[in-house]
Amino acid sequence: MQLTAGSVWIIISAALALLMTPALGLFYGGMTRAKASLNMIMMSFVSAGIVGVVWVLWGYSMSTGQGVLGIFGDPFANAGLSRLIGSPDLIKAGFSATFAIITVALISGAIADRTKFSAWALFVPVWITAVYCPLAYMVWGGGLMSPGGAVSKIFGQVIDFAGGTVVEIASGTAALVMVLIVGNRHGFAKDPSHRPHNIPFIMLGAGILWFGWFGFNAGAATTVEQAGLIWVNTLAAPAAAMLSWLAVEKVRHGHPTSLGAASGVVAGLVAITPSCADVSPLAAVGLGLLAGAACCVFVDLKFRFGFDDSLDVVGVHLGGGLIGTLALGFIALPVDGHGGGLFYGGGLQQLVAQTVAVLITVLLSALATAVIGLAIHKTIGFRVSHEAEVAGVDRSEHAETAYEFDGLAHSRFNPFGHHGLPHPVHAAAPSDHQRTGEPAEEHGRVKESVTAGNAA
């Protein structure tokens with residue numbers, strides 16, 4: 001079989017979607033403290049490693065094919081993917097793996113800065129097996145919420161083109177449960193060192209996420225018309241969400257921030273994910289405006305209710321996922337003149353279907369995550385020690401640091417010398433701290449360090 005343009009597009013889209021996970025690592029890594037940023041990035045990277053293997057062994061098989069009670073697929077039907085060799089379905093299996101990878105990686109941001117890497121590595125394959133695969137099967141693989149499924153027959157066809165329920169609501173719900181299990185960071189809402197340490201990383205990560213999301217949303221497009229609609233909506237919704245987030249920030253806090261711009265983009269991407277192929281560009285703009293403003297408010301709820309959602313996974317992904325999924329009950333376009341949301345005269349059926357899908361997703365994700373999280377927490381433990389958390393999980397979990405500055409203080413390099421000779425100090429010359437406004441005491445310590453370096 002020749003390689004078609006459609007197959008090439010799926011391959012490219014899969015690569016774009018896979019890039020989203022390292023981008024998420026950068027985005028999350030910049031939002032943590034400097035001494036926890038590597039651990040945060042590693043949680044995203046190891047998710048790709050673990051899920052990539054799980055997907056080949058049994059994950060893809062559980063998310064498609066012959067099902068068990070409409071809840072999950074037979075894990076042995078395509079175990080190892082050997083039966084797909086020589087079939088175009090192998091490309092689709094690879095594409096679908098990227099969705100599973102980033103879904104579980106999203107959860108990690110809620111428990112940043114205090115989590116054992118070994119516990120996370122155990123959580124990932126179990127959660128993918130017990131939560132993601134069944135939901136993917138139910139919505140996309142022929143299960144309960146797929147066309148012809150039991151839920152769809154009773155309540156109407158659920159619309160979730162790229163993962164409002166399977167990806168966003170499932171991960172956001174799991175994030176909330178894990179926060180309650182693991183507990184708050186020491187100094188939550190009090191320690192100023194918990195502020196993001198690298199805003200450029202956050203902006204870069206958000207930009208790459210937006211780039212990759214075009215493949216994430218449009219990879220399953222079947223016609224050029226559908227692909228065009230998805231592409232424009234994936235541009236319009238996050239753009240509008242960024243603007244509305246910044247506007248709300250300005251009103252509430254007095255300043256539009258870079259972190260707010262990046263978070264607004266992600267909120268818009270989350271909201272448009274389930275509806276990218278089923279709403280007009282104008283509706284996408286309205287959806288983005290709503291999602292950006294609402295999620296800007298949602299992220300502050302953690303302070304009101306006292307749960308430490310470290311990197312705003314609950315506020316953005318659960319909040320944005322709920323908005324995007326339920327909004328289809330109002331703004332979904334009619335298909336061949338039939339159905340559609342309330343604003344198109346489609347009645348309440350679509351809203352009912354979307355609401356039922358949300359409830360099923362929240363219940364499954366919450367219950368299964370609680371069982372998995374508590375089992376791990378009560379056995380090997382999910383949380384590092386107080387000492388390790390204060391010192392930074394990068395050192396305790398990985399024996400590494402993102403930034404190495406200590407070596408500079410002990411270097412033999414003398415920036416003031418010439419060919420290894422000490423630089424003459426003239427008594428009449430103004431001191432460095434007098435020129436720069438540096439405190440004299442601090443200047444003395446620097447001078448001593450330089451003198452010691454020269455002597456060495």
Side-chain angles (χ1 to χ4, degrees), residues 20 23-24 27-28 30-31 106 109-110 161-165 167-169 171-172 175-176 196 199 202-214 216-217 230-276 278-304 309 311-332 341 343 354 358:
M20 292 169 65
L24 181 71
F27 182 74
Y28 278 173
M31 291 178 71
L106 288 170
F161 190 82
T165 55
V167 177
E168 307 299 349
I169 295 177
S171 61
L176 178 58
I199 300 297
I202 297 173
M203 302 295 283
L204 177 61
I208 301 175
L209 278 170
W210 197 351
F211 173 73
W213 223 293
F214 286 100
F216 188 82
N217 279 354
I230 294 171
W231 201 100
V232 171
N233 286 345
T234 306
L235 169 68
M242 175 176 60
L243 298 179
S244 63
W245 187 301
L246 292 175
V248 171
E249 267 193 333
K250 175 65 176 177
V251 171
R252 297 182 73 204
H253 306 299
H255 301 281
T257 67
S258 300
L259 177 60
S263 300
V265 166
V266 175
L269 289 167
V270 169
I272 198 62
T273 292
S275 58
C276 56
D278 296 281
V279 300
S280 70
L282 185 60
V285 170
L287 178 60
L289 292 172
L290 174 61
C295 289
C296 184
V297 176
F298 290 162
V299 297
D300 287 340
L301 294 179
K302 63 183 181 182
F303 300 111
R304 175 175 296 181
D309 174 21
L311 309 184
D312 303 324
V313 182
V314 178
V316 173
H317 292 275
L318 178 56
L322 288 171
I323 290 172
T325 301
L326 295 175
L328 281 159
F330 299 91
I331 60 176
F343 293 170
Q354 300 303 112
V358 165

Does a side-chain heavy-atom distance below 4.5 Å link [X] with [Y]?
{"X": "Thr273", "Y": "Val167", "result": "no"}
{"X": "Val313", "Y": "Leu318", "result": "no"}
{"X": "Ile323", "Y": "Phe298", "result": "yes"}
{"X": "Trp231", "Y": "Asn217", "result": "no"}
{"X": "Leu287", "Y": "Asn233", "result": "no"}
{"X": "Pro274", "Y": "Leu328", "result": "yes"}
{"X": "Trp245", "Y": "Val316", "result": "yes"}

Nearest heavy atoms of [X] and [Y], plus distance in Å:
{"X": "Ala175", "Y": "Ala110", "answer": "CB-CB, 3.6 Å"}
{"X": "Ala241", "Y": "Gly264", "answer": "CB-O, 3.2 Å"}
{"X": "Gly321", "Y": "Val270", "answer": "N-CG1, 3.3 Å"}
{"X": "Cys295", "Y": "Gly315", "answer": "SG-O, 3.6 Å"}
{"X": "Gln354", "Y": "Thr325", "answer": "NE2-O, 3.0 Å"}
{"X": "Ala261", "Y": "Met242", "answer": "O-CG, 3.6 Å"}

Could you pull out all residues at least two apart from Asp312 that satisfy salt bridge (Lys or Arg N to Asp or Glu O under 4.0 Å)?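 So Asp312 forms a salt bridge (Lys or Arg N to Asp or Glu O under 4.0 Å) with Lys302.
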For Thr257, does its backbone N or O pair with a side-chain atom of Glu249 as donor and acceptor, under 3.5 Å? yes
Between atom [atom1] of [X] and atom [atom2] of [Y], what is the distance when rounded to the nearest 0.5 Å?
{"X": "Leu290", "Y": "Ser244", "atom1": "CG", "atom2": "OG", "value": "8.0 Å"}
{"X": "Leu259", "Y": "Phe27", "atom1": "CG", "atom2": "CZ", "value": "7.0 Å"}
{"X": "Leu311", "Y": "Leu24", "atom1": "CG", "atom2": "CG", "value": "9.0 Å"}
{"X": "His317", "Y": "Leu269", "atom1": "NE2", "atom2": "CG", "value": "9.5 Å"}
{"X": "Cys296", "Y": "His253", "atom1": "SG", "atom2": "NE2", "value": "5.5 Å"}
{"X": "Glu168", "Y": "Leu106", "atom1": "CD", "atom2": "CG", "value": "6.0 Å"}

Residues that Phe330 engages under ring-ring contact (aromatic ring centres under 6.0 Å, His included), provided they are two or more places apart: Phe343
Any chance CZ of Phe211 has more than 12 other-residue heavy atoms, nucleotides or ligands included, within less than 6.0 Å?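 Open.
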Go through the steps for Leu235 and Trp210 under the test side-chain contact (heavy atoms from CB on, under 4.5 Å), then give the verdict. CA-CA 8 Å; Leu235 169 68; Trp210 197 351; 4.1 Å; yes
Provide the full list of salt bridge (charged side-chain N to carboxylate O under 4.0 Å, His left out) pairs with a residue in residues 251-262, sequence neighbours left out, each pair given once.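 Pairs touching residues 251-262 that pass the test: Arg252-Asp300.
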I'd like to know whether Leu301 forms a side-chain contact (heavy atoms from CB on, under 4.5 Å) with Asp309, so could you lay out the CA-CA distance, the side-chain angles of the two residues, the decisive distance to 0.1 Å, and finally the verdict. CA-CA 10 Å; Leu301 294 179; Asp309 174 21; over 6 Å; no
